[in-house]
Amino acid sequence: MASSTFKNIFKLETPTLYWILSQNQASLEQPGKILFLKYEDLEEDINSHVKRLAEFLGCPFSIDEESRGVIEEISKLCSFDHFKILEVNKSGKLPSGHANSTFFRKGKVGDSGNYLTSSMSNHLEKLMEDKLNGSGLTFKKS
């Protein structure tokens, strides 16, 4: 029953998916105007993507900044581990009363396996393959 309900609810026919696909396509057509980043890629090599982002914004790092470790420091300050320890995220609340900490999971690629059954995960992977087919866009599974 739960798996059947999941399949009916999670069909990936959402505006979000179409937006992701359209932004990916736009970034290929206009690479100087749209920078498309994937969490999986950031997780794999954050420093090169921070450097790429700075270049995209027209604010490249100088050789001196790179040698002093500025890119690495920015990467650390923007990490999940750093955000999790900020007091506002440990004890703060939204006006709705929800704790800020509810927005933080492990931040690990493939962590959905801890929340979905293998049947749900397989269903999601198949949907993603179908929807992304021909777009050139892929996501790592783990």
Side-chain angles (χ1 to χ4, degrees), residues 1-90 92-96 98-142:
M1 176 69 179
S3 184
S4 172
T5 302
F6 174 82
K7 288 178 183 177
N8 288 333
I9 293 172
F10 212 108
K11 295 181 180 179
L12 287 179
E13 297 293 339
T14 65
T16 303
L17 178 63
Y18 296 116
W19 183 84
I20 290 169
L21 289 169
S22 71
Q23 293 308 300
N24 178 61
Q25 184 61 38
S27 73
L28 298 173
E29 294 169 359
Q30 302 175 49
K33 292 189 175 189
I34 299 172
L35 179 63
F36 191 88
L37 299 171
K38 296 186 297 183
Y39 179 77
E40 292 89 342
D41 296 338
L42 294 170
E43 184 72 14
E44 189 173 287
D45 184 8
I46 185 69
N47 294 334
S48 70
H49 286 85
V50 167
K51 183 176 179 178
R52 185 174 160 219
L53 176 61
E55 290 167 355
F56 177 80
L57 294 172
C59 305
F61 293 100
S62 68
I63 293 171
D64 180 55
E65 288 171 323
E66 287 189 44
S67 66
R68 287 188 292 124
V70 172
I71 296 172
E72 291 80 2
E73 188 61 30
I74 290 171
S75 297
K76 287 178 191 171
L77 289 171
C78 295
S79 72
F80 271 102
D81 289 337
H82 178 73
F83 281 117
K84 285 181 189 178
I85 64 169
L86 295 176
E87 189 58 37
V88 68
N89 293 326
K90 289 195 294 185
K93 292 187 182 221
L94 297 172
S96 66
H98 293 92
N100 290 346
S101 62
T102 60
F103 293 102
F104 294 95
R105 289 194 348 235
K106 292 179 186 171
K108 301 291 181 204
V109 175
D111 191 40
S112 61
N114 293 318
Y115 301 92
L116 303 176
T117 66
S118 61
S119 173
M120 291 174 169
S121 184
N122 291 338
H123 178 71
L124 235 139
E125 284 180 22
K126 173 83 170 90
L127 280 171
M128 291 299 284
E129 287 173 11
D130 291 347
K131 298 299 179 185
L132 299 178
N133 187 27
S135 71
L137 185 60
T138 61
F139 290 95
K140 293 181 177 100
K141 296 172 187 166
S142 58

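- Enclosure of atom CD1 in Ile85 by more than 12 non-hydrogen atoms of other residues, nucleotides or ligands within 6.0 angstrom is indicated.
- Contact of the Met120 side chain with the His123 side chain is not registered, since no non-hydrogen atoms from C-beta on lie closer than 4.5 Å.
- Looking at every heavy atom in both residues, Phe61 comes nearest to Lys51 through CE1-CA, 4.0 Å.
- Across every non-hydrogen atom of Lys76 and His82, the tightest pair is O-CB, 3.2 Å.
- When all heavy atoms are compared, the tightest approach of Phe56 to Leu35 is CZ-N, 3.5 Å.
- In this structure, Asn47 CG and Ser75 OG are separated by 4.0 Å, a value rounded to the nearest 0.5 Å.
- You'll find the side chain of Lys126 reaches within 4.5 Å of the side chain of Asp130, heavy atoms only.
- Closest non-hydrogen pair, His98 versus Ser96, comes out as ND1-OG, 2.6 Å.
- Contact record, His49 with Leu37: CD2-CD2, 3.7 Å, taken as the closest heavy-atom pair.
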Exercise. Could you walk me through whether Arg68 and Glu73 pass the side chain to side chain contact (heavy atoms under 4.5 Å, CB included) check?
Worked result: CA-CA 9 Å; Arg68 287 188 292 124; Glu73 188 61 30; over 6 Å; no

For this session: Take Leu28 and Phe36 through the side chain to side chain contact (heavy atoms under 4.5 Å, CB included) test and state the conclusion after the steps.
Result: CA-CA 9 Å; Leu28 298 173; Phe36 191 88; over 6 Å; no

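- Considering CG of Leu137 and CD of Gln23, their distance stands at 11.5 Å, rounded to 0.5 Å.
- Between atom CG of residue Leu21 and atom OG of residue Ser135 there is a gap of 5.5 Å, rounded to the nearest 0.5 Å.
- Distance check: Arg52 CZ to Asp41 CG gives 8.0 Å after rounding to the nearest 0.5 Å.
- The distance from atom CG of Leu53 to atom SG of Cys59, rounded to the nearest 0.5 Å, is 9.0 Å.
- A pairwise comparison of heavy atoms in Lys93 and Asn100 identifies C-OD1, 3.7 Å as the closest pair.
- A donor-acceptor contact shorter than 3.5 Å is absent between the side chain of Asn133 and the backbone of Glu129.
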For this session: Determine, stepwise, if the pair Glu29 / Ile34 fulfils side chain to side chain contact (heavy atoms under 4.5 Å, CB included).
Result: CA-CA 9 Å; Glu29 294 169 359; Ile34 299 172; over 6 Å; no

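- One finds the CD1 atom of Ile46 at 7.0 Å from the SG atom of Cys78 (value rounded to the nearest 0.5 Å).
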